[in-house]
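To find a chain, count down the sequence lines: A is the first, B the second, and so on, and within it residues start at 1. The structure presented is a predicted model; accordingly, all values stated were derived computationally and were not measured.
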Protein chains: 2
Amino acid sequence: MAIDPRSHTPVYVQLADTLREQIEAGELAPGSALPSEARLTQEYGIGREAVRMSISLLRSEGLVTTVRGHGSYIRETPQRRQVEVPPGASVIARMPSGGERRSMQLDEGVPILEVRDPKGNVEVLPGDEVELTRPLSGRA
Amino acid sequence: MAIDPRSHTPVYVQLADTLREQIEAGELAPGSALPSEARLTQEYGIGREAVRMSISLLRSEGLVTTVRGHGSYIRETPQRRQVEVPPGASVIARMPSGGERRSMQLDEGVPILEVRDPKGNVEVLPGDEVELTRPLSGRA
DNA sequence: GTACATTTGTGCGTATGTATG
DNA sequence: TCATACATACGCACAAATGTA
């Protein structure tokens with residue numbers, strides 16, 4: 001898909017959409033590198049700022065990670081371990097604060113799951129590694 | 001907190017931390033506007049790029065939203081409605097794709113919850129409006 | 001309607017630092 | 001050592017959106 005500078009949607013959103021499509025279509029395989037900033041700048045005839053913002057957007061969606069001095073790579077989602085939601089518990093999803101992200105060593109664009117059990121204990125789980133489950137039979 | 005350009009932590013991270021503190025402390029109330037880019041540039045004696053990256057960071061954390069030609073605003077989190085996790089279901093948290101984000105009208109930095117019931121039906125819920133629950137008694 | 005100020009979006013130039021190969 | 005590539009940071013300029021007079 002070509003980029004239209006006169007479109008109402010910002011150029012960097014258009015490029016992010018294009019790259020996202022390619023990633024989801026498998027044209028850009030997990031683990032492989034995105035084209036470099038300079039490459040994308042030339043390829044689509046847009047500014048470096050727009051390219052950087054596109055990649056930043058994809059990072060915030062958890063689709064790519066960027067390695068400084070090396071490039072940006074399509075993220076491979078790790079196996080999710082199953083975690084049971086305790087009876088009487090509640091769960092919310094939210095993005096981590098900067099401190100949480102650093103201490104939990106989360107990539108950008110990875111949400112967290114906050115599980116609060118009836119006693120008020122809160123467990124914070126990395127959203128990309130966890131699948132919550134509720135078993136059919138309601139035993140703890 | 002003042003910004004130290006010689007610090008090892010990037011200027012834009014320092015500013016984001018400062019603004020985050022002010023937001024979490026309530027000095028910047030939900031619904032109110034952040035200072036403009038120009039204002040922050042002067043206020044903290046840093047460049048516009050650093051200011052914009054700070055705000056971009058806060059957006060990706062779901063703390064603020066930006067309206068072109070208007071400004072950036074502290075997000076007000078809506079009341080979370082309670083949604084019960086069906087017996088036998090599994091839940092994952094992830095960031096929405098661009099299309100999902102637009103069709104569900106989600107702000108940046110808002111994760112989604114994907115609930116898959118035993119029959120394979122998938123429900124996609126906005127992470128900022130939902131609190132998942134598992135009742136104490138295991139009835140559906 | 002017009003005009004204007006404000007604010008964010010985009011593009012470009014430059015520079016330094018850091019990491020990899 | 002050298003080239004490449006990204007990260008950070010500053011500057012300037014203009015475009016586009018918004019709101020108000």
Side-chain angles (χ1 to χ4, degrees), chain A residues 1-19 28 31-60 63-75 98 101-102 105-109, chain B residues 1-19 28 31-60 63-75 98 101-102 107-109:
Chain A
M1 190 180 76
I3 268 78
D4 177 15
R6 290 163 317 217
S7 165
H8 292 297
T9 33
V11 171
Y12 77 95
V13 175
Q14 293 182 56
L15 177 56
D17 290 346
T18 302
L19 294 174
L28 293 168
S32 68
L34 250 67
S36 73
E37 292 183 358
R39 190 88 173 73
L40 291 170
T41 299
Q42 296 165 17
E43 187 103 4
Y44 293 94
I46 61 182
R48 193 189 45 167
E49 195 90 0
V51 169
R52 287 175 57 74
M53 289 178 76
S54 299
I55 296 174
S56 169
L57 198 52
L58 295 177
R59 263 203 307 274
S60 79
L63 286 180
V64 309
T65 56
T66 300
V67 182
R68 177 176 182 161
H70 200 155
S72 293
Y73 295 85
I74 321 294
R75 255 173 63 86
R101 201 163 62 76
R102 284 188 285 273
Q105 294 183 305
L106 299 175
D107 281 336
E108 261 188 72
Chain B
M1 190 180 77
I3 268 80
D4 177 14
R6 290 161 320 211
S7 166
H8 291 298
T9 39
V11 171
Y12 79 94
V13 175
Q14 293 182 55
L15 176 56
D17 289 346
T18 302
L19 294 174
L28 293 168
S32 68
L34 250 71
S36 73
E37 294 180 356
R39 190 90 172 72
L40 292 170
T41 298
Q42 295 166 14
E43 187 104 5
Y44 292 94
I46 62 181
R48 190 182 171 200
E49 183 142 358
V51 169
R52 287 175 59 77
M53 288 179 75
S54 300
I55 296 174
S56 169
L57 199 52
L58 296 177
R59 262 202 308 273
S60 78
L63 287 180
V64 309
T65 57
T66 300
V67 181
R68 176 176 181 168
H70 201 154
S72 293
Y73 296 83
I74 320 293
R75 258 174 58 85
R101 201 161 62 74
R102 282 188 285 275
D107 283 335
E108 258 189 73

Restricting both atoms to N or O, compile the protein contacts to nucleotides 12-15 of chain D shorter than 3.5 Å, with distance only.
residue, atom, partner, partner atom, Å
D/dA13, N6, B/Arg48, NH1, 3.2

So do B/Pro35 and B/Glu43 actually touch side chain to side chain, heavy atoms under 4.5 Å?
no

OP1 or OP2 of [N] less than 4.0 angstrom from a side-chain nitrogen or oxygen of [X], does that happen here?
X       : N     : answer
A/Arg52 : D/dC6 : no
B/His70 : C/dT6 : no
B/Tyr12 : D/dT8 : yes

Five pairs per end, C1' atoms only: what is the angle between the end axes of the helix from C/dT2-D/dA21 to C/dG21-D/dC2, to 10 degrees?
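The two end axes of the helix from C/dT2-D/dA21 to C/dG21-D/dC2 meet at 20°.
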
Tell me the closest heavy-atom pair linking B/Gln14 and B/Ala2, and the distance in Å.
OE1-O, 4.1 Å

[X] [atom1] - [N] [atom2] separation (whole Å):
X       : N      : atom1 : atom2 : result
B/Leu15 : D/dC10 : CG    : C1'   : 15 Å
B/His8  : D/dT8  : NE2   : C1'   : 14 Å
B/Gln42 : D/dG11 : CD    : P     : 11 Å
B/Tyr73 : D/dG19 : OH    : P     : 8 Å
B/Arg6  : C/dT16 : CZ    : C1'   : 16 Å
A/Tyr44 : C/dG11 : OH    : C1'   : 19 Å
B/Arg39 : C/dA5  : CZ    : C1'   : 17 Å
A/Gln14 : C/dG9  : CD    : P     : 15 Å

Candidates B/Arg75, B/Arg101, B/Arg102, B/Arg59 - the one meeting salt bridge (charged side-chain N to carboxylate O under 4.0 Å, His left out) with B/Asp107:
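When B/Arg75, B/Arg101, B/Arg102, B/Arg59 are each tested with B/Asp107, the salt bridge (charged side-chain N to carboxylate O under 4.0 Å, His left out) holds only for B/Arg75.
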
Under 4.0 Å between any heavy atoms, over every strand shown, what does B/Gly69 touch: base, sugar-phosphate, or nothing? Just pick one.
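Counting heavy atoms under 4.0 Å across all strands, the contact made by B/Gly69 includes a base.
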
Scan B/Thr66 against the nucleic acid and name what it touches under 4.0 Å (heavy atoms): base, sugar-phosphate only, or nothing.
sugar-phosphate

When you measure from the side chain of B/Ser54 to the backbone N and O of B/Ala50, does any donor-acceptor pair fall under 3.5 Å?
yes

Return the [atom1] to [atom2] distance between [X] and [Y], rounded to the nearest 0.5 Å.
X       : Y        : atom1 : atom2 : value
A/Leu63 : A/Leu57  : CG    : CG    : 9.0 Å
A/Tyr12 : A/Glu49  : OH    : CD    : 11.0 Å
A/Ser60 : B/Glu108 : OG    : CD    : 5.0 Å

Assert: residue with more 5' nearest nucleotide on DNA chain C, out of A/Met53 and B/Glu49, is A/Met53

Nearest-nucleotide 5' precedence on DNA chain C, B/Gly71 against A/Val51
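Going by which nucleotide is closer to the 5' end, it is B/Gly71.
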
Under the side chain to side chain donor-acceptor pair (under 3.5 Å) rule, collect the residues that match up with B/Arg68, sequence neighbours excluded.
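For B/Arg68 there are no side chain to side chain donor-acceptor pair (under 3.5 Å) partners, ignoring immediate neighbours.
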
Knowing that exactly one of B/Leu34, B/Leu40, B/Leu19, B/Leu58 qualifies, which makes a side chain to side chain contact (heavy atoms under 4.5 Å, CB included) with B/Ser72?
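With B/Ser72 as partner, B/Leu34, B/Leu40, B/Leu19, B/Leu58 yield a single side chain to side chain contact (heavy atoms under 4.5 Å, CB included), made by B/Leu34.
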
Which nucleotide in the list C/dT8, D/dA7, C/dT10 gets nearest to the side chain of A/Glu37?
D/dA7

With the threshold set at 4.0 Å, does a side-chain nitrogen-carboxylate oxygen contact exist between B/Arg48 and B/Glu37?
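Result for this pair is yes, salt bridge flagged.
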
